[in-house]
Amino acid sequence: MDEYTLRLHRQALIVDTHCDTLKCLLPHFTRLRDSMWEDRSKVGFGKRSKLGHIDLPRLKEGGVDLQVFAISSERDPTPAYPLRTAMEMIEAFYTECEKYPKLVQPVASHNEIIESNEDGKIAAMLSIEGADVLEGRLSMLRVYHRLGVRMVGLVHSLRNLLADGVADNRTKGGLSCFGIEVVEELNRLGMVVDVSHLGDAGFWDLIETSKDPVVASHSNARAVCPHPRNMTDEMIKALAEHGGVMGMNFAPDFVDKKKPSVETLIDHIDHIVDLVGPEHVGLGSDFDGIPSTPKGLEDTSRMPAITEELVRREYSEEYIRLILGGNHLRLLKRVIG
Ligand SMILES: [Zn+2]
């Protein structure tokens, strides 16, 4: 990699709006029955691991400045003890962060992100993937806010009390009354609403309901790779018109079923930039939640490969900074303050 690319990558603020690393920290979480994750619950995220995709040394190497860590509900129509599992993930998150105070800083505001970056630390923010973890209570949202959560996805692909997910798309169901109430409360509290995993009807309900711009924390363009988890051009236009940003997901099935690679991932960015300009696209890797990775993006330490490909495609320095994190940061500043 040439000097110019490396310097640009190091200087840019890099934001990744989705990973499933917290799942790896809980030994009893379903996912951990898979041997790929097994040992990581013992080592935590502070030491370099050969397994999975994210730990602090690899985030540092990849130049990531803000990593959003998802508290994830189990993909089950009636998950067992979602609130308890969420609490355990939050506890694991803060315990791990406290072990490495020189490396990582939990953050809940734009200022804290910038300060943490100035101190040379990785900023770490909590999000929710699947609001099953509210167990039907709006008051729980206020508790999560107090615990530092600043981004909330309503569903994790299956129908819940708030909305139908993409996996329940045949019903064409949108947001329930409770789902609408949750969005209004998210707006009031200053938490970002995340549309990833929502069914299409729910997306349109949400765009109409949310006063704040919304994110798609880890979704790509359906016109480039037809998958229901990706967004149609109409959805991307509506998201952009409302000031939203979408984070590019590295899951091979969402990138390119035949040739998942850095190049085919950047094809999504090209498409979105052509469609709505450079101000609505960012990164949302889904690392530690995907079974395999695109060629050239084997884990988070490989993030510079994205900058390299953007430079190769003659994106300006300004656009590259926006795509790597500037867009996500602008949205966070506006919504969470
Ligand atoms: Zn997801």
Side-chain angles (χ1 to χ4, degrees), residues 15-26 29-32 34 36-37 52-54 64 66-77 79 82 85-86 89-90 93 124-134 144 149-160 162-169 179 186 191-200 202-203 206 214-222 225 227-231 235 239 244-255 257 260 265 268 281-294 297 299-300 328:
V15 178
D16 176 356
T17 43
H18 190 86
C19 75
D20 282 321
T21 309
L22 295 185
K23 273 185 194 172
C24 307
L25 301 181
L26 298 193
F29 201 81
T30 328
R31 198 59 186 264
L32 292 170
D34 187 330
M36 181 177 173
W37 318 97
H53 314 122
I54 285 187
V64 176
L66 169 64
Q67 179 65 53
V68 180
F69 289 89
I71 298 158
S72 192
S73 71
E74 285 193 76
R75 283 229 213 155
D76 186 296
T85 306
M89 284 192 193
I90 294 176
F93 169 79
M125 199 174 87
L126 286 169
S127 69
I128 284 172
E129 179 175 42
D132 311 77
V133 300
L134 301 177
Y144 284 113
V149 177
R150 287 296 181 272
M151 189 179 284
V152 177
L154 305 189
V155 296
H156 197 182
S157 285
L158 296 173
R159 165 185 290 186
N160 64 17
L162 294 87
D164 281 7
V166 282
D168 277 318
N169 233 352
L186 286 167
M191 295 167 93
V192 180
V193 193
D194 181 0
V195 303
S196 288
H197 288 282
L198 255 185
D200 289 7
F203 169 86
L206 210 154
V214 301
V215 298
S217 69
H218 56 310
S219 300
N220 300 344
R222 216 179 283 179
C225 177
H227 189 289
R229 273 283 283 103
N230 290 342
M231 292 166 69
M235 289 159 87
L239 179 102
V245 180
M246 54 197 292
M248 294 299 96
N249 191 322
F250 301 177
D253 275 0
F254 307 168
V255 174
K257 286 186 181 78
L265 180 78
H268 287 265
V281 62
L283 306 174
S285 70
D286 213 354
F287 273 144
D288 282 337
I290 52 180
S292 61
T293 57
L297 282 170
D299 63 22
T300 192
H328 279 316

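Positions are given from 1, in the same order as the sequence printed here. Small disclaimer: the values here were computed from a predicted structure and weren't measured. First listed ligand is number 1; within each ligand, the first listed atom is number 1.
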Donor-acceptor check, side chain of [X] to backbone of [Y], threshold 3.5 angstrom: yes or no?
| X | Y | value |
| --- | --- | --- |
| N220 | F254 | yes |
| H268 | A221 | yes |
| N249 | H218 | yes |

For this session: Quick one: closest heavy-atom pair of I128 and V149, and the distance?
Result: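 The answer is CG1-CG1, 3.9 Å.
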Problem set entry | Distance-minimising heavy-atom pair for R229 and S219 |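 Nearest heavy atoms, R229 then S219: NH1-OG, 3.0 Å.
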Problem set entry | Heteroatoms of the protein, restricted to N/O/S, which lie under 2.8 Å from the Zn ion (ligand 1) | E129 OE2, H197 NE2, H218 NE2
Exercise. Parallel, tilted or perpendicular: which describes the rings of H197 and H156, with under 30° parallel and over 60° perpendicular?
Worked result: perpendicular
